[in-house]
Novice: 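Mind looking over this structure? Questions follow.
Only a predicted model underlies this, so the values are computations on that prediction, with no experimental measurement involved.
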Amino acid sequence: MDRITTPFDFSSTAAEVVDGIDLTGRRAVVTGGASGIGVETARALAATGAEVTIAVRDLQAGEQVATDIRASTGRPVDVRRLELTDLDSVDAFVAAWDGPLDILVNNAGIMATPETYTEQGWELQFATNHLGHFRLTLGLHDALAASGRARVVSVSSSAHFRSPVIFDDLFFRFMPYDPWAAYGQSKTANVLFAVEATRRWAAEGITANALMPGSIATNLQRHSGGGAPNPLAKTPEQGAATSVLLATSPLLEGVGGRYFVDNQEAVIVDRPTNDMTGVAPYALDAANAERLWDVSLELLGV
């Protein structure tokens, strides 16, 4: 399996990545499309001619972003409500979707939050970053399959180095809660989801890949004290580039189950790297991926 490399790098922007790509007639959903790199991901996809829907918690904020993207691209942008920790909201989004879906960017997320649990007793970061997106993607499976060449993009993080998925204590019922370990576990889950979704669905024309967007100063850092200092910091336009690459590039046609950083497929490493590149072997492990899928189905009762 050859490693994917591209002409783009750390400093490339989403607009540069999609330059010359025409997705007219194709449909895309971006979760968390009203802030941070979600805005620039949605903007770049709209610029290709795709019909973009941003899925947001705050409809008013979503409409403001959509108005800005419409003005800058001349393209229509739809706004729909989605609260990932509210399973009824996820199911309502799925039920309202009609027709094929070509691109699903699972971008929304929270990071390093204080210890919080959902009504089901699930740790909030795992529930938001993984389980909500898992249920959403599962619900949209038929729409993705109807595309015939759909792509799912899973926004992960180098924080996956902070923790594998701890199957014996997913929700910190025994281990002391650590906000970064919880975040890391959820980001590892994002990669494993891409691995198993591709294994299960590639024959239907659905592939999934995961990525590290970089360190970007957005609302995501509100519990962490901010992003990394230069030279590791990226602008939102740069941070959205790898998401957009996975969603649109011809180089990724039929490619799935992989993890990308700075617009390149990451190399498996045996320890974390200072520049936040590389991927831990446990995040790409097929047995871990299948187990996580089965555990997630059980938790969600589907």
Novice: Taking Asp169 for its side chain and Phe174 for its backbone only, find out whether a donor-acceptor pair lies under 3.5 Å.
Specialist: yes

Novice: Run the numbers on Asp68 and Arg43 for salt bridge (charged side-chain N to carboxylate O under 4.0 Å, His left out), then give the verdict.
Specialist: CA-CA 9 Å; Asp68 176 61; Arg43 190 189 311 277; 2.8 Å; yes

Novice: If we only count heavy atoms from C-beta on, is the Leu292 to Glu196 side-chain gap below 4.5 Å?
Specialist: no

Novice: Looking at every heavy atom in both Ala44 and Ala14, which two are closest together, and how far apart are they?
Specialist: CB-CB, 3.7 Å

Novice: At their closest point, which heavy atom of Ile37 faces which heavy atom of Pro236, and how far apart are they?
Specialist: CG2-O, 3.8 Å

Novice: Among side-chain atoms of Thr53 and Glu51, is any donor-acceptor pair under 3.5 angstrom?
Specialist: no

Novice: Do Leu299 and Leu131 touch side chain to side chain, with heavy atoms closer than 4.5 Å?
Specialist: yes

Novice: Ser154 vs Asn209, test: side chain to side chain contact (heavy atoms under 4.5 Å, CB included). Steps then yes/no.
Specialist: CA-CA 6 Å; Ser154 189; Asn209 289 289; over 6 Å; no

Novice: Locate the shortest heavy-atom distance separating Ala46 from Val52; write the atom from each residue and the value.
Specialist: N-CG2, 3.5 Å

Novice: Among Leu144, Val29, Leu23, Val152, which residue satisfies the side chain to side chain contact (heavy atoms under 4.5 Å, CB included) criterion with Ile103?
Specialist: Leu23

Novice: Distance from Leu211 atom CG to Ser158 atom OG, nearest 0.5 Å?
Specialist: 11.0 Å

Novice: Given the rule that I, L, V, M, F, W and Y join up when any side-chain heavy atoms are under 4.5 Å apart, are Leu84 and Leu59 in one cluster?
Specialist: no

Novice: Could you grab the distance from atom CZ of Phe10 to atom OG1 of Thr277, nearest 0.5 Å is fine?
Specialist: 11.0 Å

Novice: Using the rule that Ile, Leu, Val, Met, Phe, Trp and Tyr join whenever any side-chain heavy atoms are under 4.5 Å apart, tell me whether Leu284 and Val269 fall into a single cluster.
Specialist: no

Novice: Quick check for you: to the nearest 0.5 Å, what is the distance between Phe172 atom CZ and Gln125 atom CD?
Specialist: 8.0 Å

Novice: Would the number of heavy atoms belonging to other residues, nucleotides or ligands and lying under 6.0 Å from CZ of Arg75 be above 12?
Specialist: yes

Novice: Less than 4.0 angstrom from a charged side-chain N to a carboxylate O is my criterion; do Arg135 and Asp91 meet it?
Specialist: yes

Novice: List the steps and the verdict of side chain to side chain contact (heavy atoms under 4.5 Å, CB included) for Ile206 and His141.
Specialist: CA-CA 9 Å; Ile206 304 169; His141 166 267; 3.9 Å; yes

Novice: Using the rule side-chain hydrogen bond (donor to acceptor under 3.5 Å, both in side chains), only one of Asn190, Thr137, Asn129 pairs with Asn106; which is it?
Specialist: Thr137

Novice: Does Ser249 reach the main-chain N or O of Leu245 with its side chain, forming a donor-acceptor pair under 3.5 Å?
Specialist: no

Novice: Are any side-chain N or O atoms of Thr48 and backbone N or O atoms of Ile21, one a donor and one an acceptor, separated by less than 3.5 Å?
Specialist: no

Novice: Just by distance, do the side chain of Thr242 and the backbone of Asn263 share a donor-acceptor pair under 3.5 Å?
Specialist: yes

Novice: Would you mind reporting whether Val261 and Met276 have side-chain heavy atoms less than 4.5 Å apart?
Specialist: no

Novice: Any side-chain heavy-atom pair from Val30 and Leu45 closer than 4.5 angstrom?
Specialist: yes

Novice: Glu237 side chain to Glu40 main-chain N or O, any donor-acceptor pair under 3.5 Å?
Specialist: no

Novice: Can you tell me how far OH of Tyr177 sits from CD of Glu123, rounded to the nearest 0.5 angstrom?
Specialist: 4.5 Å

Novice: For residues Arg162 and Gln185, determine if any side-chain heavy atom of one lies less than 4.5 Å from a side-chain heavy atom of the other.
Specialist: no

Novice: According to a 4.5 Å side-chain heavy-atom criterion applied to Ile, Leu, Val, Met, Phe, Trp and Tyr, with indirect links allowed, do Met175 and Leu170 form part of one hydrophobic cluster?
Specialist: yes

Novice: Would you say Leu138 ends up clustered with Val195 if hydrophobic residues are merged whenever their side chains have heavy atoms under 4.5 Å apart, either directly or through other cluster members?
Specialist: no

Novice: Please check if the number of heavy atoms outside Arg271 that lie under 6.0 Å from its CZ is greater than 12.
Specialist: no

Novice: Between Arg200 and Asp294, does at least one N-O distance fall below 4.0 Å, as a salt bridge requires?
Specialist: yes

Novice: What's the shortest heavy-atom distance between Gln238 and Ser11, and which atoms?
Specialist: NE2-O, 3.1 Å

Novice: For Val77, does its backbone N or O pair with a side-chain atom of Arg70 as donor and acceptor, under 3.5 Å?
Specialist: yes

Novice: One pair to check against salt bridge (charged side-chain N to carboxylate O under 4.0 Å, His left out): Arg3 and Glu265. What are the steps and the verdict?
Specialist: CA-CA 6 Å; Arg3 176 172 171 258; Glu265 184 177 355; 5.7 Å; no

Novice: Any Lys/Arg nitrogen of Asp262 or Lys234 sitting under 4.0 Å from an Asp/Glu carboxylate oxygen of the other?
Specialist: yes

Novice: Which pairs, with at least one residue in residues 268-302 and sequence neighbours excluded, count as a ring-ring contact (aromatic ring centres under 6.0 Å, His included)?
Specialist: Phe134-Trp293, Phe193-Trp293, Trp201-Trp293

Novice: Is it true that a side-chain atom of Gln264 and a backbone atom of Thr6 form a donor plus acceptor pair closer than 3.5 Å?
Specialist: yes

Novice: Can you tell me how far the CH2 atom of Trp97 sits from the CG atom of Asp142, to the nearest 0.5 Å?
Specialist: 14.0 Å

Novice: May I ask you to test the Glu16-Thr13 pair for a side-chain heavy-atom distance under 4.5 Å?
Specialist: yes

Novice: Decide side chain to side chain contact (heavy atoms under 4.5 Å, CB included) for Arg151 and Leu252; before the verdict, give the C-alpha distance in whole Å, the side-chain angles of both, and the deciding distance to 0.1 Å.
Specialist: CA-CA 9 Å; Arg151 298 188 188 186; Leu252 274 295; 3.5 Å; yes

Novice: Please report the interatomic distance OH(Tyr259) to CE(Met212), rounded to the nearest 0.5 Å.
Specialist: 6.0 Å

Novice: Decide whether Val165 and Ile268 are clustered together by the hydrophobic rule: side chain heavy atoms of Ile, Leu, Val, Met, Phe, Trp, Tyr closer than 4.5 Å, transitively.
Specialist: no

Novice: Cation-pi check for Phe167 against Arg291: NZ or CZ below 6.0 Å from the six-membered ring centre and within 45 degrees of the axis, yes or no?
Specialist: yes

Novice: What I'd like to find out is whether the side chain of His133 reaches to under 4.5 Å of the side chain of Thr31, using heavy atoms alone.
Specialist: yes

Novice: Take Leu136 and Leu104, measure what side chain to side chain contact (heavy atoms under 4.5 Å, CB included) needs, and give me the verdict at the end.
Specialist: CA-CA 10 Å; Leu136 175 68; Leu104 173 59; 4.3 Å; yes

Novice: Counting N and O atoms only, with roles assigned by atom type, does the side chain of Ser156 sit under 3.5 Å from a partner on the main chain of Val191, one being a donor and the other an acceptor?
Specialist: no

Novice: Answer yes or no: is there a donor N or O on one side and an acceptor on the other, between the side chain of Thr118 and the main chain of Trp122, under 3.5 Å?
Specialist: yes

Novice: Show the nearest heavy-atom pair for residues Ile69 and Ala42, with the distance to one decimal.
Specialist: CD1-CB, 3.8 Å

Novice: Is there a donor-acceptor pair under 3.5 Å between the side chain of Asp102 and the backbone N or O of Arg27?
Specialist: yes

Novice: Is there side-chain contact between Met111 and Trp180, with at least one heavy-atom pair below 4.5 Å?
Specialist: yes

Novice: Identify the two heavy atoms, one from Val155 and one from Ser243, that lie closest to each other, and give their separation to 0.1 Å.
Specialist: CG2-OG, 3.7 Å

Novice: Looking only at side chains, do Tyr117 and Glu119 share a donor and an acceptor under 3.5 Å apart?
Specialist: no

